[in-house]
Structure formats: structure tokens, C-alpha cells
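All of these numbers come straight from a predicted model, not from anything done at the bench. Note on naming: letters A, B, ... go to the chains in the order of the sequence lines (proteins, then strands), and numbering restarts at 1 for each one.
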Amino acid sequence: MMVHILARFLLVLGSVTHCPLLHADDILVVMGQAFASEKISPKQLANIYRRKTVINEAGERWNPINLSANDPLRLAFSQKIFQQSPDAMEAYWNAQYFQGIMPPYAVNSVEAMLRLLATTPGAIGYLLPCHVDKRVKVVFKLTVSESLAGECNR
Amino acid sequence: MRKPIGTFIIIVLYALLCQSAAAEHDTEQADSWYTYHWGRGLTIPAANLNVGGYFKSAYAQQEQQPGVLSLEDFSLFITWTPHARLRFFAEIEQHDWLNNTDGVAPFTKKLSVERLFVDFSLTESASIRFGKFLTPFGRWNVIHSAPLVWTTNRPVITDDKSFAPRANGLMLNYTWIVNEHNLDVAFYLDDSTDLEPRSFNNVIFDKAAGVRVNYELTEELQIGGSYLAYQRLFDLGLPTHHLVGVDFMWQHQGYELLMESLYHVRDDPLARLEEKGLFLQGVVPLAEKVSAVTRYEYFNTNAGVFNEQVVSHIGVAGLAWRPYLPLVIKSEYRFGDNNKSIAPSGLFVSVAMFF
């Protein structure tokens, strides 16, 4: 808790003084442009990615999409939403497998993520601001402490 | 003797060799009509179907008893999701199919339907389950499969002595988000007498009703409570059993602390049944993929002859090695006081794997 408060303080101080003391980037949670979006909280997002929430308000299936487990964007997203790395989450998925529940589908590239989001009802994913195009719309923004600027050039 | 040992060796070798095979499957079958991922089963995306399972092979050397090597569990999971709101799940198991004292049992004799249910999502937060499912009392019973747990043997209070591990009926699940943490409530009704499919397990409910509550205090700490009232099939006419339990689980970077407790009473004026028990289990990572496990159990019951109160103390100390995530090799020594009839002392070794 103290670490979190200190991190927030350093971020605010950095933005006021125009001297970044701690670098932060945004991850955008996105859905396909053609599909209805709804307001969701970070905890609801975590439940969708944990396959705990399987349908949305309209009764359509949520299709959470991940990047591959070693992707820096996936690592930052997982740390922000679950406070765990994708590797640490595998124990959770082992337990879910025993209940017949499978982890979200994973893709190898941002372009594959964009294509799936654009064509799959109920699909939800995450991208950097530099990756977003007209095929998707932003549901909300997550601020992470990791620097992800280098990921824009992939 | 020769055949079971041969089978055991084959299983271990298969488990150790599977890693490379699984890695090949991941890449080679990306565009195939099916995908296989070690520990996550065979998926046919077009049919929304997944088939997987697990096995457990164990060696038990109880004190003053001959050693027993057995294929304890061979379970098959079938999951079918034909609709956004619907999910069918079945677990078919061969339990104690072969061992070095009795040999190989006839295939159908040890075949059982462990679970068979359908989940229907009512809303984002509510779902209803109908069929045969694991009784949601405490934590261990619902995640009891060998690749998931840290020890070869179950704690006594989670065994089938105090309640039936499976229920047949209807369960309503609801999740609230309270202060950005999940509060899960499950309410269930059982009618095993009318609904129980074929099973080897004699300890089943006649009728039962229960509730389970779980709250995530943080991402690492969960607390829970359970209540169950039931009548057993073979004690019809006797008063209802009542059980309450509280539990918690804390997990942090490989460390784990798990506690469960129960109080069980049946107010029979002629022979009042009373049981209380708990266990506390700790896991400490020693090296990469190797963890030390220790457990203390307390069980106090008068369910035996002449309703005499018997107090048991049980200790378990062991190691668990997870060379790959779906595979675990466990070794433990169990000891105690007044434990011979419920959890005999001895050495236990097992190999378990999701496939």
C-alpha cells in the first residue's frame, strides 16, 4: 500500500515539475468498433480475464484475448490487473482446468489482436495508444509503472 | 508385482518425456482443427469441446504393512460449451484400478462418474449448476485433484468421514464485487437419492442443503465459511447432521498457508454425534520448483464404537517437486497420535499429472 502511494506521489510530482521521477505508460483496454461496449471496472475486467464472468449484460459471451505470455505488454497488463505475472497465473489456470475452464485465447502479435477484436463479438483486449486504429474503441485506460514506449515499434 | 511396477515406470517416463512433445504440439498444430496443450487437454475449437484429465500413481508404505503401489486415479474431463450461457462438464474416473496386491480390477468395476453437471449463466454475476458436483464445503474438497494439492493424502476433515464429497442437485452461485474484491456465495440443494448416477462411493447424501461464502480480502488472502445440513442415505430416520466450517488461504510468491476447520453435530437423543477438527498447512519454496510442505491436523470425534471420544493429532512433513507445471512428484511422511484408524503413519510417494 505504501509503495503504491509513493509511486502515485512520484508520478504526480513528475508531471507537475515536468521532470519525470518515475516513468508510467498507459495500456488501453479495447473492444471492436462494431460491437457494443459497456462500462466495466478493473475488477470486472479481471473477472472477465479469469473467466469468472463469462457473459456481458446483453448475455453475449466475453472473449478475452491475451498476447503471448512473454510479451512485455502482457506482463504489464497481468501485473496491473492480477498483481501477478502470467507464469504465476498458471497455478490459477491449473485449478480452473480441473473445473473445465480454459484460459483466454492468446495471440502472437498486436495485429492479430486487432483483427480478432474487430471481427469477434464480445472480444476484449489491450493495446498501447500507438497501436490503436479505427477498428477498435477504447473502453478504459490503465496506467502502469513499466515503460512500454519501446513496444510501439514492433 | 512386476506389471504394476512396469506401469509405474512407464507413467513416470511418459510424464518426463511429455514436455518436449507438448512444445512441438504448440507450434505444429496452430492451424489444425484441434490443438493439444500439455496440462490443458485436447481442444476442438469448432465444436467448443475440450477433453483432458489427470492421473495419480502412488506408493504407500504404512507402518507394519506391506507397501502398496497403485494407479489410484485416472480421470477424464469432458467440457462442452455449445452456447454463451451453457457449459457441460463431466469427469469420469477409474479409481484404484490396478495395484500390486489386488492386480487389475475389471474395467467397469472401478469406473465412476465423479462429476456431471451443466452450468447456466443467468447474468454476468449469477449462474446455476445442475447435476453432480463437488460439495462446496471448505477449500480442499473442491480442488482435491492430485496435481493441484501439495500432499499425497487428504487432510482427515476433508475426507468422506464427516460429509459426502459430492452432491447431486442444484447450486446457485452469485458474485458481488465489494470494494473491488469478489464476494462469492453458493447455495445448494441436494437430492442424491433420486439423482445419483452410478458411483463407487457409498457415502452419499440422501438430502442436503448448504451455503458457501468466500471473500477475497486481498489478491493474496481469501477467507471462507461453509454451512451444511444433511441426512445420509444409510441413516434414514435419524436426526439431521449439521456442519459449520471456516477457512482461509494466503498465497505469496510460492509461500502458502491454508487452514480449514469444521464442527459437525447430530442431535440424536440416544447417541449424540459430535466431531470437530482442523488442519493448518504451510508451503515454503526451497529451490526452484521444489517446495517443503508441512501440515498439522486435529480431529476429535465420538463417531466410533460406544460413542467414545477419540482425539487424534496428525503431522505431515514432505516435499513436492513440480518440474513442469502440470506434473508434480510428492513424498511425505505422516505420523501422529491416535491416528491409526483414520490416517495411518507411514511414507507416501506419488506422481500426478494433468494431461
Can you say whether [X] sits under 4.5 Å from chain B via the side chain, the backbone, both, or neither, judging by heavy atoms?
| X | value |
| --- | --- |
| A:Ala91 | backbone |
| A:Ala88 | neither |
| A:Pro103 | side chain |

Within the 4.5 Å heavy-atom criterion, are [X] and [Y] side-chain neighbours or not?
| X | Y | value |
| --- | --- | --- |
| B:Arg40 | A:Glu90 | yes |
| B:Glu216 | A:Lys43 | yes |
| B:Leu325 | A:Asp87 | no |
| A:Arg61 | B:Thr81 | yes |
| A:Tyr97 | B:His37 | no |

Per-residue contact mode, [X] against chain A (heavy atom under 4.5 angstrom):
| X | answer |
| --- | --- |
| B:Leu148 | side chain |
| B:Ser75 | neither |
| B:Thr123 | backbone |
| B:His252 | neither |
| B:Ile78 | neither |

Salt bridge or not for B:Glu219 and A:Arg50, using N-O below 4.0 Å? yes

For A:Lys52, is there an ion pair with B:Glu124 - N to carboxylate O distance below 4.0 angstrom?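 Looking at B:Glu124 and A:Lys52, the cut-off is not met.
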
Top residue by heavy-atom pair count (under 4.5 Å) with chain A, among B:Gly41, B:Ser125, B:Pro326? B:Gly41

Most contact-rich option vs chain B, by heavy-atom pairs under 4.5 angstrom, among A:Glu57, A:Gln44, A:Glu60, is A:Glu57

Could you tell me whether the side chain of A:Asn94 and the main chain of B:Pro147 form a donor-acceptor pair under 3.5 Å? no

